[in-house]
Amino acid sequence: MKYWLMKSEPDCFSLEDLINSPDQTTPWDGVRNYQARNLMREEMKTGDKVLFYHSGKNAAVVGLAEVVREAYPDFTSWDPENSHFDSKSTPESPRWFMVDVKFVKQFSNPIPLNYLKTVEGLEGMALLRKGNRLSVQPVTEEEYAVITKLAEEM
DNA sequence: GCCAACGTTGGC
DNA sequence: GCCAACGTTGGC
């Protein structure tokens with residue numbers, strides 16, 4: 001069992017959008033970063049736990065999700081109409097992959113990024129490292145435990 | 001294979 | 001809106 005943090009711009013795809021998705025499940029499409037792709041393709045397994053993070057204004061961990069389908073080709077990558085189209089990716093030779101994630105929980109009080117920075121035990125968290133832009137990040141079991149506990153207390 | 005230029009992300 | 005950090009591209 002592994003733990004992850006997945007970022008999304010709420011204007012693009014928010015936790016509310018996930019809740020309103022069919023079966024409260026969505027393909028995590030549009031990732032066009034090799035490091036993030038490799039994590040999804042090689043590391044993410046069904047049942048892994050996901051912290052759902054909103055970037056931008058009011059950046060915060062807003063809830064929990066779960067991996068329900070392991071990596072498969074991101075079909076938006078060969079759709080010329082799609083904003084994440086990549087001419088080098090084809091159905092025969094897909095370059096980009098995605099997983100499906102399912103809604104688990106919405107925190108009654110999101111945990112803001114600037115609060116996370118003050119929490120003991122999260123000093124080493126990838127999210128808090130300066131300049132980190134990775135949209136799919138590994139989270140340690142300890143970090144996950146600290147954050148989910150915080151969410152219950154807030 | 002190096003590196004400058006450029007584009008994007010994302011916090012502030 | 002600014003800008004630091006980082007990834008990608010392309011000339012050499």
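What you see below is based on every heavy atom in this structure, not just the backbone, and it leaves out hydrogens, waters and symmetry mates. A, B, ... follow the sequence lines: proteins, then strands. Residue 1 opens every chain.
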> Let me know the distance between CG of Leu127(A) and P of dG11(B), rounded to the nearest Å.
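From Leu127(A) CG to dG11(B) P: 7 Å.
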> Taking NZ in Lys149(A) as the centre, count heavy atoms belonging to other residues, nucleotides or ligands within less than 6.0 Å. Is the count above 12?
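Atom NZ in Lys149(A) is not packed in, count stays at 12 or less.
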> Taking atom types as modelled, find out whether Trp4(A) and Asp48(A) have a side-chain donor-acceptor pair closer than 3.5 angstrom.
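Their side chains do contain a donor-acceptor pair, which is all the 3.5 Å distance test asks for.
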> Angle class for the His54(A)/Phe52(A) ring planes (parallel below 30°, perpendicular above 60°, tilted otherwise)?
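Judged by the thresholds at 30° and 60°, the geometry between His54(A) and Phe52(A) is perpendicular.
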> For the pair made of CG in Leu116(A) and P in dC12(B), what is the distance, rounded to whole Å?
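So the two atoms are 11 Å apart, to the nearest Å.
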> Just grab all the side chain to side chain donor-acceptor pair (under 3.5 Å) pairs involving residues 29-41 of chain A, residues at least two apart or on different chains.
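Those involving residues 29-41 of chain A are Arg32(A)-Asp74(A), Arg32(A)-Thr76(A), Tyr34(A)-Arg95(A).
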> Show the distances under 3.5 angstrom between N or O atoms of the protein and N or O atoms of nucleotides 5-10 of chain C.
from, atom 1, to, atom 2, distance (Å)
dA5(C), OP1, Lys130(A), NZ, 3.3
dA5(C), N3, Arg133(A), NH1, 3.3
dC6(C), O2, Arg133(A), NH1, 3.0
dC6(C), O2, Arg133(A), NH2, 2.8
dG7(C), O4', Arg133(A), NH2, 3.4

> Could you tell me which residues satisfy side-chain hydrogen bond (donor to acceptor under 3.5 Å, both in side chains) with Asp86(A), sequence neighbours excluded, listed by chain and number?
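In terms of side-chain hydrogen bond (donor to acceptor under 3.5 Å, both in side chains), with neighbours along the sequence ignored, Asp86(A) is linked to Trp96(A).
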> For Lys7(A), answer base if it contacts any base atom (sugar-phosphate contacts may also be present), sugar-phosphate if it contacts only those atoms, and nothing otherwise; contact means non-hydrogen atoms under 4.0 Å.
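It contacts sugar-phosphate atoms only.
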